[in-house]
Amino acid sequence: MDILAGLNEAQREAVQYIKGPLLILAGPGSGKTRVITHRIAYLVKTTGVSPRHIMAVTFTNKAAREMQERLQKLLGNLAEQVWAGTFHAICARILRKDGKSLGLDTNFVIYDEEDQQSLVKQCLLDLDLDPRQYNPQKIRNAISQAKSQQITHDGLAARARSPWDDIVCRVYERYQEQLGQSNAADFDDLLMKVVQLLEKQPAVLEKYRSRYLHLLVDEFQDTNLIQYKLIRLLGGKHRNVCVVGDPDQSIYSWRFADIRNILSFEKDFPDARVIVLEQNYRSTKNILGAASAIISANQKRKQKDLWTSNTEGMPVYLVKTYNEQEEAQFVANEILKLSSSDGIKPGDCVVMYRTNAQSRAVEEAFMRYGLKYKLVGGTRFYQRREIKDTIAYLRIIQNPFDNISLSRIIRIPGRGIGAKTLSDLTNWARENTLSLFAAVKAVNEGGGPVFGAKINTALAGFYRLLNDLIVEGQQLSLIKLMDTLLERSGYRETIRGEEDGEERWENIQELRTVAADYDDLPPGEGLAPFLEKISLVADTDEIESREDTVTLITLHQAKGLEFPIVFIVGLEEGLLPHRRSMEEGGDELEEERRLCYVGVTRAERNVYLLHTARRAIFGMSSESTPSRFLDDLPGHLIELKGMVPGEEQPGGSVRVRAKRWRDEDEGINIADLLAKKSGLRQPAAGLTEVNPGDRVRHGKFGDGQVIGVRVTGQDREVIVAFEESGVKKLLLSMASLEKI
């Protein structure tokens with residue numbers, strides 16, 4: 001295989017420059033993953049570098065999987081020797097090998113955000129502080145921010161300037177004590193402790209520096225201070241550090257990403273070569289032109305002149321509707337129209353928004369129109385109650401000192417141990433500097449806190465159950481271990497006895513399917529890698545590509561994805577840009593513009609930018625002003641849709657045109673106007689009228705009675721109380737109702 005075949009000139013240059021630091025500025029859709037993987041293949045096959053000496057780091061499991069799959073095609077079995085993974089996965093692996101000097105046992109567990117927040121709440125209670133007065137999530141964020149800058153609780157205490165700072169410092173100290181006692185690490189610890197390890201243990205640092213002669217880092221614009229420090233530590237000796245990124249796509253400052261890392265890379269590495277990937281393979285010329293116009297107003301960026309050999313394509317559609325319901329209705333109808341006439345499948349479409357709250361109107365419209373959708377960022381699979389419960393049992397089997405997991409399962413299923421007992425047990429354990437497991441063991445052995453005979457019996461039985469499962473954890477395969485704990489704990493019987501038990505049990509069976517990948521490992525060796533994998537799963541890792549399912553996702557989560565058709569709703573002042581950035585200005589406002597740019601550049605074929613005249617959100621309804629980002633769109637690239645009479649032709653900026661929509665215009669039937677422009681469906685022939693009180697029949701929901709009818713555009717929304725299926729909202733044009 002010719003590794004350079006099919007690469008453009010800039011890509012070939014980036015692949016072949018292998019000595020010394022390299023900064024690759026990669027525009028959206030410019031083939032950066034292709035460059036990274038071909039660069040690794042070039043190092044191995046052309047220059048003779050052992051794959052064992054290469055480390056490739058990225059941010060998401062999805063990106064890491066794609067990288068590994070491409071390397072497999074390029075290198076075959078040699079690809080397995082390249083250490084490719086996310087920052088957190090690589091750091092977890094380093095700590096399991098070399099973290100004992102930091103007090104971490106190899107079986108440490110990784111706490112996710114929910115676990116972290118539960119621990120912060122417990123720490124507040126331990127310190128006699130009210131979680132209702134001191135928000136646990138805000139404290140967790142403050143601790144995370146400190147760790148992202150490698151600030152310990154002592155360092156934070158030295159900087160404290162207010163009573164709030166003092167509270168955060170106290171909780172931070174207790175939080176770290178509890179993590180240590182539980183043999184646990186949070187996501188930030190994985191990074192901070194590895195940097196501490198490499199700084200304090202020169203022999204360990206030299207081991208990794210000598211092993212990894214070439215370091216490649218994807219999405220470099222998303223690194224925070226401690227991630228950049230880790231890169232400099234690992235790559236400081238041989239300096240073969242290749243970073244790939246785009247300042248124009250830096251959108252995670254709220255996760256403490258620091259755009260200065262990529263903007264200042266050449267200062268830290270003065271001899272760095274800079275190569276710019278400007279050819280876009282994803283989008284049409286019109287989409288790329290619109291995106292470039294939007295981002296060009298930013299100051300903190302590195303100039304790129306993006307271009308594509310793709311066709312001009314369709315214009316960028318600028319859509320104005322009356323309110324968020326009409327906005328969602330337009331999106332639903334447009335997807336149905338595209339699906340029926342343009343060969344587009346619903347799965348080719350994505351709806352993006354700035355805040356999760358905006359999905360509500362879209363979801364309601366999709367349900368009315370019978371459009372299937374996948375909501376990214378809703379209740380994640382691994383955050384569902386039955387999954388968290390099962391995982392908590394498994395984590396205790398791996399690490400009995402995990403207080404958070406034990407607190408979760410000690411009363412699940414019910415075994416006669418109440419909240420008061422758990423509180424007393426927790427307090428006794430804290431006073432005696434013991435883990436909860438040790439406290440339960442003490443009760444079993446007659447030396448713990450004194451409870452009544454019934455509670456003591458329940459605690460003793462719980463201890464024996466856990467002790468037996470821990471022993472069996474070393475003797476059984478992972479699948480057999482799961483089946484055993486679900487049976488012996490009584491959890492299977494309990495969950496299946498609930499009203500929605502069968503659905504929850506199916507979720508547990510899906511977890512069992514994930515565990516099957518580790519079932520061929522020897523007894524006792526599959527549990528740790530399984531738990532590590534699922535602890536590092538992100539929202540976007542669970543996105544499944546289905547032809548009949550539209551994706552609903554925030555703009556932040558959409559980064560790294562691509563879709564033929566993109567709808568961005570809510571392009572209004574206060575939403576995008578968000579009102580917080582408008583108050584702060586400066587860097588925050590530039591990041592909002594980058595967020596808009598990221599959304600537009602996800603599109604391959606069509607992009608729709610939607611805004612409304614009025615919007616009800618966060619409990620308030622008010623007039624809307626189109627986003628300032630729309631002012632930058634060149635008139636020759638856009639086509640207006642859904643405009644009120646008199647606004648058919650562009651004239652002045654979008655915001656100036658919007659001012660023509662006066663309060664008196666609210667009498668205009670905007671839904672009817674949109675129906676004419678967008679081809680909204682007519683009510684089904686044969687049943688054009690239905691009234692409250694009518695008895696109707698539906699093919700899926702059965703018989704019911706109409707309890708409400710609302711005109712929406714040229715359609716009717718019918719509310720029906722079905723005898724077996726409950727109350728449903730249906731569009732008359734779609735529902736195929738029959739009067740009875």
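Counting begins at 1 with the first residue of the sequence.
Residues forming a side chain to side chain donor-acceptor pair (under 3.5 Å) with Gln221 (at least two apart in sequence, or on another chain): Glu219. Legend: residues meeting ring pair (Phe, Tyr, Trp, His ring centres under 6.0 Å) with Phe59, ordered by chain and number and at least two apart, are Phe87. Lys345 pairs by the salt bridge (charged side-chain N to carboxylate O under 4.0 Å, His left out) definition with nothing, not counting sequence neighbours. Take Asn310 and apply the side chain to side chain donor-acceptor pair (under 3.5 Å) test, not counting sequence neighbours, and it matches Thr308. For Thr612, the side chain to side chain contact (heavy atoms under 4.5 Å, CB included) partners at least two apart in sequence or on another chain are Thr321, Glu327, Glu572, Arg615, Ser624. Take Ser148 and apply the side chain to side chain donor-acceptor pair (under 3.5 Å) test, not counting sequence neighbours, and it matches no residue. Taking the salt bridge (charged side-chain N to carboxylate O under 4.0 Å, His left out) definition, one finds that Arg504 meets it with Glu386, Glu498, Asp500, sequence neighbours left out. Partners of Glu604 by salt bridge (charged side-chain N to carboxylate O under 4.0 Å, His left out), not counting sequence neighbours: none found. Scanning for side chain to side chain donor-acceptor pair (under 3.5 Å) contacts around Arg34 gives an empty result, with sequence neighbours left out. The salt bridge (charged side-chain N to carboxylate O under 4.0 Å, His left out) test applied to Asp115 returns Lys388, Arg395, not counting sequence neighbours. The ring pair (Phe, Tyr, Trp, His ring centres under 6.0 Å) search around Tyr317 returns Tyr608, not counting sequence neighbours.
Judged by distance alone, the side chains of Asn333 and Tyr369 do bring a donor and an acceptor atom under 3.5 Å apart. Judged purely by distance below 3.5 Å, without hydrogens or angles, the side chains of Thr355 and Gln358 pair a donor atom with an acceptor atom.
A heavy-atom distance below 4.5 Å is not found between the side chains of Asp222 and Gln227. Looking at Glu591 and Leu595, their side chains never come closer than 4.5 Å, going by heavy atoms from C-beta outward. In this structure the side chain of Ile335 reaches within 4.5 angstrom of the side chain of Phe567, judged on heavy atoms. No side-chain heavy atom of Asp517 sits under 4.5 Å from any side-chain heavy atom of Phe530. Looking at Val244 and Leu216, their side chains never come closer than 4.5 Å, going by heavy atoms from C-beta outward. With contacts defined as side-chain heavy-atom distances shorter than 4.5 Å, the pair Gln11/Ser30 does not qualify. Put simply, the side chain of Val600 does not reach to within 4.5 Å of the side chain of Val566, judged on heavy atoms. Taking the side chain as every heavy atom from C-beta outward, Pro28 and Leu306 approach each other to under 4.5 Å.
Here the closest heavy-atom approach between residue Asn261 and residue Phe220 is recorded as O-CE2, 3.3 Å. Residues Ala603 and Ile287 share a closest heavy-atom pair of CB-CD1, 3.9 Å. Taking all atoms of both residues into account, the shortest heavy-atom contact from Thr58 to Ala64 is CG2-N, 3.6 Å. In this structure, Thr601 and Ala291 approach most closely via the heavy-atom pair CG2-CB, 3.5 Å. Considering every non-hydrogen atom in both Asn61 and Leu536, the closest pair reads ND2-O, 2.7 Å. In plain terms, the two heavy atoms of Ile344 and Cys349 that are nearest each other are CG2-SG, 3.9 Å.
Within the 3.5 Å criterion, the main-chain N or O of Ser250 finds a donor-acceptor partner in the side chain of Arg594. Not a single donor-acceptor pair under 3.5 Å links the side chain of His578 to the backbone N or O of Glu592. Between the side chain of Ser296 and the backbone N or O of Ala293 there is at least one donor-acceptor pair closer than 3.5 Å. Although no hydrogens or angles enter the test, the distance criterion places no donor-acceptor pair under 3.5 Å between the side chain of Asp348 and the main chain of Pro564. When atom types are taken as modelled, the side chain of Tyr353 and the backbone of Ile553 share a donor-acceptor pair closer than 3.5 angstrom. When atom types are taken as modelled, the side chain of Gln249 and the backbone of Lys559 share no donor-acceptor pair closer than 3.5 angstrom. In terms of modelled atom types and a separation under 3.5 Å, the side chain of Glu66 and the main chain of Ala63 share no donor-acceptor contact. Judged by distance alone, the side chain of Asp548 and the main-chain N or O of Pro346 form no donor-acceptor pair under 3.5 Å. Listed for the Arg593 side chain is no donor-acceptor partner under 3.5 Å among the backbone atoms of Phe629. With Glu278 contributing its side chain and Trp307 its backbone, the two residues share no donor-acceptor pair below 3.5 Å.
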Practice prompt. Just do the side-chain contact (heavy atoms from CB on, under 4.5 Å) check on Val276 and Asp305 with the steps written out, would you?
Written response: CA-CA 9 Å; Val276 185; Asp305 297 316; over 6 Å; no

Discussion item. Would Arg512 and Gln509 count as a side-chain contact (heavy atoms from CB on, under 4.5 Å) here? Give the steps.
Written reply: CA-CA 5 Å; Arg512 194 175 183 275; Gln509 293 305 297; 3.6 Å; yes

Discussion item. For a side-chain contact (heavy atoms from CB on, under 4.5 Å) check, start with the C-alpha distance between His556 and Ile251, then their side-chain angles and the critical distance, and finish with the verdict.
Written reply: CA-CA 7 Å; His556 281 104; Ile251 58 173; 4.1 Å; yes

Practice prompt. Test side-chain contact (heavy atoms from CB on, under 4.5 Å) on Val243 and Ile262 and set out the steps.
Written response: CA-CA 9 Å; Val243 299; Ile262 191 167; 5.8 Å; no

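To the nearest 0.5 angstrom, Leu511 atom CG is 9.5 Å from Asn507 atom CG. Here the straight-line distance linking atom NE2 of His611 with atom CG of Leu630 works out to 6.0 Å at 0.5 Å rounding. Summarising the geometry, atom OG1 belonging to Thr625 is positioned 13.0 Å from atom CG belonging to Leu571; distances are rounded to the nearest 0.5 Å. How far CD of Gln68 is from CG of Leu71: 7.5 Å, rounded to the nearest 0.5 Å. Leu190 contributes atom CG, which lies 9.0 Å from atom OG1 of Thr86 (distance to the nearest 0.5 angstrom). In this structure, the separation between OG1 on Thr551 and CG on Leu561 is 8.0 Å, given to the nearest 0.5 Å.
Legend: side-chain hydrogen bond (donor to acceptor under 3.5 Å, both in side chains) pairs involving residues 280-295, not counting sequence neighbours, sorted by first then second residue: Asn8-Tyr281, Gln279-Tyr281, Arg282-Glu562.
Heavy-atom contacts from other residues, nucleotides or ligands closer than 6.0 Å to CD of Glu639 number more than 12.
Electrostatic pairing of Lys304 and Asp246 counts as a salt bridge here, judged by a charged N lying under 4.0 Å from a carboxylate O. A salt bridge does not link Lys73 with Glu69: every distance from a Lys NZ or Arg NE/NH1/NH2 to an Asp or Glu carboxylate oxygen is 4.0 Å or more.
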